[in-house]
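The structure appears right after this line, and notes come after that.
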Amino acid sequence: MYRPNEDYLKLPGSYLFSTIGKKVNAYTEANPDKKIIRLGIGDVTQPLCPAVIKALHEAVDEQASADSFRGYAPDLGYEFLRHAMAENDFRARGCDIADDEVFISDGAKSDSANIQEIFARNSKIAVCDPVYPVYVDSNVMAGRCGEYDANSGVWSNVIYMPCTSENGFAPDYPTETPDIIYLCFPNNPTGAAITKDRLQGWVDYANKVGAVIIFDAAYEAYISEEDIPHSIFECEGARTCAIELRSFSKNAGFTGLRLAATVIPHDLKVKVEGTEIEMHSLWARRHGTKYNGAPYIVQKAGAACYTDEGKAQLKEMVATYMKNAHFIYDGLSEAGYEVYGGKNSPYVWLKTPNNMTSWEYFDYLLEKAGVVGTPGSGFGPSGEHYFRLTAFGSYQNSVEAIDRIKKI
Ligand SMILES: *Cc1c(COP(=O)(O)O)cnc(C)c1O
C-alpha cells in the first residue's frame, strides 16, 4: 500500500489567512453597510507598465510565424535576460556577477523552496523570526526541521533568530552554528532593511563558520536610503558564501506573469571527499532535470524592464506604492503608534498599543475602524505584539484607513 510523505503531515495548517478571512466575513455580515479597507494585501495592484505590455505583444506575435516561433526555452534562461540582469542588477552596482551565474526561473517563492534540495539532508537551517513561511515549510517537507510544538509555534531542529525593535529587526548571530541561513532584506513582514555594515558582518560570519546565506532580495527596488545594499554581492566575500534570490513580482508587478532568478557564483564551492564541488553545477543539474525554463514571452517582458523606458516606468510604479507607505507610516506616527518599516519597503510594521496581542489588535482595528491588516504573530513567535500593514492598496484607501485609525 502506498504511503504519503509523512514529513508533509507534520506541517501545521496555515490558519493565518483563513482565520483573517473568517473574521472579515463575520464582520461584513454583522455590518453590511460598512466598507472594509484591506491593508493586509500582499499582492501588487497596479497594472503592468507600457514597456512590458509592448514586449509581451511583440513576443506573442513572434509565435505566429515559423521563423520566430520559440519552443522549449533554455533550462537556465535566455542569454538576453541573464545578461540584462547580470549587467543591470549586479555589475552596474559593482557586484562581480557573470551572466552564467544568473539562473532564470518562474518565481522566488519556488526558488526559495527548491534551493534546499542541493544541500545535505541533515543541514541545519537558521531563519529570522518573524519570517516568510516558505523557507521553513519547504525544509519541513524535506524532513529537516524536527518536530513542531504547537504551543510555542517552533520546530525542534530550526535555529530561530528573533528580529524585534531591540535589535532593529536585523538578527544577531545565533549561538548554535547553522549550515544554511535565510535572510530577506528589505524584509517581509517587518519592512526592515539591513545596513551594508551589518550585512557584511553576516557574510564574514558565514565564511568563518562555513555556512551559506540564502539572500532573498525580492524587495530591493523599494530601497530609498543610501547605506542599504541592494544585493548581498555588494559585500566583500559574498561570492564564497551566498546565493541570492531575485523576483520580478514586487518591482514590476509580475505576480501573475511569474519571473525570477537565482544567482549562484561559481566560487560557492565545498570539498566533498577531496573534490571541490560547485553548488552552481548542482543547481544547473536540478534545473536541467526538473525545470523546462520560464516562457520566452515572459522573459522578453522581463528584459523590457531593463530598457530606459522600462526602468523609468517601474520607478514610477514603486514610487506610487511608496507614497502609500509614507502616508501610512507618518499617519500612524502622528496617531502615537510605534512604527517601523515603510522607508525601504512597502510594509509598515507597528507595535500594538497597550500591549494587545497581534490578534486582539486585529479584532480591535476591524471593529473600530473597518481596517484589515495582518497579525505579526502569524509570521512567528517574535511577531507577537506587532502588526503588518501594506502599501499595495490604492492611495485613496490608504488615506481613508489612516483617517479612520486616527479617529478611534
Ligand atoms: C513576494 C515575495 C517573493 C516573491 O515571490 P515570487 O514567487 O517571485 O512571486 C519572494 N520572497 C518574499 C519574502 C516575498 O514576500
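In listed order, ligands and their atoms are each counted from 1.
Numbered from 1 in the order shown, with element, the atoms of ligand 1 that lie under 4.0 Å from a heavy atom of Ala218 read 3 (C), 10 (C), 11 (N). Near Gly107, with a cut-off below 4.0 Å to any heavy atom, the atoms of ligand 1 are 7 (O), 8 (O).
The backbone and the side chain of Ala108 each have at least one atom closer than 4.0 Å to an atom of ligand 1 (non-hydrogen atoms only). Contacts between Phe248 and ligand 1 below 4.0 angstrom, taking non-hydrogen atoms only, are absent altogether.
Contact of the Val154 side chain with the Val158 side chain is not registered, since no non-hydrogen atoms from C-beta on lie closer than 4.5 Å.
Between Arg286 and Glu117, at least one side-chain N (NZ, or NE/NH1/NH2) sits under 4.0 Å from a carboxylate O, which counts as a salt bridge.
Protein heavy atom nearest atom 3 (C) of ligand 1, with residue, atom name and distance: Lys250 NZ, 3.5 Å. In terms of protein heavy atoms, atom 9 (O) of ligand 1 is closest to Ser249 OG, 2.5 Å. Ranking protein heavy atoms by distance to atom 5 (O) of ligand 1, first place goes to Lys109 N, 3.5 Å. Nearest protein heavy-atom contact of atom 11 (N) of ligand 1 is Asp216 OD2, 2.6 Å.
A side-chain N or O of Glu166 and one of Thr164 form a donor-acceptor pair less than 3.5 Å apart. With 3.5 Å as the limit, one finds no donor-acceptor pair spanning the side chains of Asp75 and His287.
Residue-to-ligand polar distances place Tyr219 within reach of ligand 1: an N/O pair is separated by less than 3.5 Å. Residue Arg258 places at least one N or O, backbone or side chain, under 3.5 Å from an N or O of ligand 1.
Between Phe362 and Phe387, the ring-plane angle classifies as tilted under the 30° and 60° cut-offs.
Residue contacts with ligand 1: Thr255 is excluded, as none of its non-hydrogen atoms falls under 4.0 Å.
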Problem - Working for salt bridge (Lys or Arg N to Asp or Glu O under 4.0 Å), residues Lys10 and Asp7 - result: CA-CA 5 Å; Lys10 294 181 179 174; Asp7 290 321; 3.6 Å; yes

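Checked by atom type and distance alone, the side chain of Gln200 pairs as donor or acceptor with a backbone atom of Glu236 at under 3.5 Å.
Among the candidates Phe119, Tyr160, Tyr135, Trp202, the single residue satisfying the ring-ring contact (aromatic ring centres under 6.0 Å, His included) test with Tyr182 is Tyr135.
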